[in-house]
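Only one structure is covered here, and it is reproduced in the block below.
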Amino acid sequence: GNIMKNKRVLITGTSTGHGFLASKMMAEKGYTVFSCMRDPEGKNINAANELLELSKSVKGNIHVIDMDVTNDDEVINGVKKATEIAGGIDVVINNAGFAGIGWQEEFTVDQFHQVMDVFLYAAQRLYRAVLPQMRERKSGLFINNTTIGARMAVPLRQGPYSCAKWALEVLSERYQQELGDLFNIDSVALQPSPTSGTQLVQNAFMANDEKIRAGYPPFEDDRYYKVWKDIATQFVSEKKFDDLSNVSQTMIDLIEMPVGERPVRIAVPGRCIIGFEEVQEMNELFGKSQDAIEAKWIEGKSENFWAEQ
């Protein structure tokens, strides 16, 4: 497969964490980066200014784009602006996200909807906005930042988060099937381990149905509480970005890989390796099963799909 010549990369959720560091590392590598964030002239002005300042001294460029990924018009306009500046977009990294904490039953449908909107519907907005130009060029890459928590129900009190990330993986895999052979456009689900340096825990919202919560035991009495608290405490207290760079580097490695050689899903270890090996095994098994099913479809014999009488 061919290696991507241009490296014009649009990243969502760049005011903190993975998106912020990936913007920096990619610009240092010489890429043209479109760092999308909400309110870059207000709430996120410090992050925006730091990225724009860095842009002056590195090989590549950073352009900050005002984008709320839950807003159709802002996504369309942001993509249009980036395309006008650079002549096109080669890579989209769906990275924006946030989490809720609570018993799953406590979350209202509206809260579930908000989380799905940021992960799943936002990714679909980006695909629809960018794919026409990629299909025309027969080249492109989407990296969907999911989590190793998407492959399994982790007892971290983040039901909507895991549901939405799992859904994003399915979206990613489906696009790989539909776009890979036809248009040379790859979709990869990137699954980071729990990582210090993101603002995920600090910015999480709480499930807000107190009536439901009253029917459950106090969180402190839960059998997972001690481990959960230890992990959460380290997340908040560790200000180092040391294991964030694994994820940004993996994004760069995927961009540099030839078309058709990229994995459909890839787990990334951090310092916290909870579930990492298990998810690698699941990915392998899932891949084999998926390939076997696909082979039957490609063979084109409907009798493959009926049980023998």
Side-chain angles (χ1 to χ4, degrees), residues 1-14 18-36 51 54-55 58-65 67 75 78-96 122-146 168-169 171-192 244-268 287:
N2 297 332
I3 297 202
M4 203 175 266
K5 287 185 195 70
N6 295 318
K7 311 278 179 12
R8 298 164 296 189
V9 185
L10 183 142
I11 312 174
T12 67
T14 57
H18 295 301
F20 184 72
L21 189 62
S23 296
K24 287 178 155 186
M25 284 174 67
M26 288 179 191
E28 282 163 359
K29 196 155 173 55
Y31 298 1
T32 298
V33 180
F34 296 96
S35 300
C36 304
L51 291 174
L54 177 79
S55 184
V58 293
K59 213 163 48 163
N61 316 294
I62 299 176
H63 304 272
V64 172
I65 290 188
M67 185 190 288
V75 170
V79 165
K80 200 171 154 196
K81 189 177 168 186
T83 304
E84 280 166 6
I85 291 170
I89 298 166
D90 304 293
V91 181
V92 173
I93 300 177
N94 283 312
N95 170 71
Q124 177 68 349
R125 286 182 189 102
L126 265 303
Y127 270 102
R128 284 174 54 85
V130 182
L131 274 178
Q133 55 166 285
M134 286 185 175
R135 283 190 287 104
E136 205 175 301
R137 289 195 306 267
K138 283 199 157 39
S139 167
L141 168 63
F142 279 79
I143 298 173
N144 298 303
N145 198 6
T146 66
L168 178 57
E169 291 212 349
L171 185 86
S172 186
E173 285 162 13
R174 181 67 38 203
Y175 268 122
Q176 179 59 36
Q177 262 184 343
E178 292 183 7
L179 300 169
D181 293 340
L182 274 179
F183 299 107
N184 288 326
I185 298 166
D186 283 336
S187 281
V188 180
L190 181 73
Q191 305 160 316
L244 275 185
S245 60
N246 287 359
V247 175
S248 298
Q249 187 55 52
T250 304
M251 290 173 181
I252 290 169
D253 294 345
L254 287 166
I255 292 169
E256 298 287 339
M257 265 181 214
V259 178
E261 290 183 23
R262 298 179 178 114
V264 178
R265 61 196 78 74
I266 181 167
V268 185

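Keep in mind that what you see is a predicted model, and the values were worked out from it rather than measured.
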Derivation of the side chain to side chain contact (heavy atoms under 4.5 Å, CB included) call for Lys7 and Asp90: CA-CA 6 Å; Lys7 311 278 179 12; Asp90 304 293; 5.6 Å; no

Quick check: do [X] and [Y] have side-chain heavy atoms less than 4.5 Å from each other?
X      : Y      : value
Met26  : Ile93  : yes
Leu10  : Cys36  : yes
Leu179 : Leu131 : yes
Val92  : Met134 : yes
Met251 : Val9   : no
Arg135 : Leu182 : no

Just checking Arg137: does its CZ atom have more than 12 heavy atoms from other residues, nucleotides or ligands closer to it than 6.0 angstrom? yes

Other residues, nucleotides, ligands: >12 heavy atoms within 6.0 Å of Gln124 CD: yes

Decide side chain to side chain contact (heavy atoms under 4.5 Å, CB included) for Val264 and Gln177; before the verdict, give the C-alpha distance in whole Å, the side-chain angles of both, and the deciding distance to 0.1 Å. CA-CA 10 Å; Val264 178; Gln177 262 184 343; over 6 Å; no

Under 6.0 Å between the ring centres of Phe142 and Tyr175? no

With side chain to side chain contact (heavy atoms under 4.5 Å, CB included) as the criterion, how do Leu126 and Val75 come out once you've worked through the C-alpha distance, each side chain's angles and the decisive distance to 0.1 Å? CA-CA 7 Å; Leu126 265 303; Val75 170; 3.9 Å; yes

Can a donor-acceptor pair be found between the side chains of Asn144 and Tyr127 at a distance below 3.5 Å? yes

Mind checking the [atom1]-[atom2] spacing from [X] to [Y]? Nearest 0.5 Å is all I need.
X      : Y      : atom1 : atom2 : answer
Glu256 : Arg262 : CD    : CZ    : 9.5 Å
Lys138 : Ile185 : NZ    : CD1   : 8.5 Å
Ser139 : Asn6   : OG    : CG    : 8.0 Å
Ile85  : Lys80  : CD1   : NZ    : 12.5 Å
Leu190 : Asn94  : CG    : CG    : 11.5 Å
Ile143 : Ser187 : CD1   : OG    : 10.0 Å

Counting N and O atoms only, with roles assigned by atom type, does the side chain of Gln133 sit under 3.5 Å from a partner on the main chain of Ile89, one being a donor and the other an acceptor? yes

Let's go through Val259 and Met4 carefully: what are the C-alpha distance in whole Å and the side-chain angles of both, what is the deciding distance for side chain to side chain contact (heavy atoms under 4.5 Å, CB included) to 0.1 Å, and is it a yes or a no? CA-CA 8 Å; Val259 178; Met4 203 175 266; 5.8 Å; no

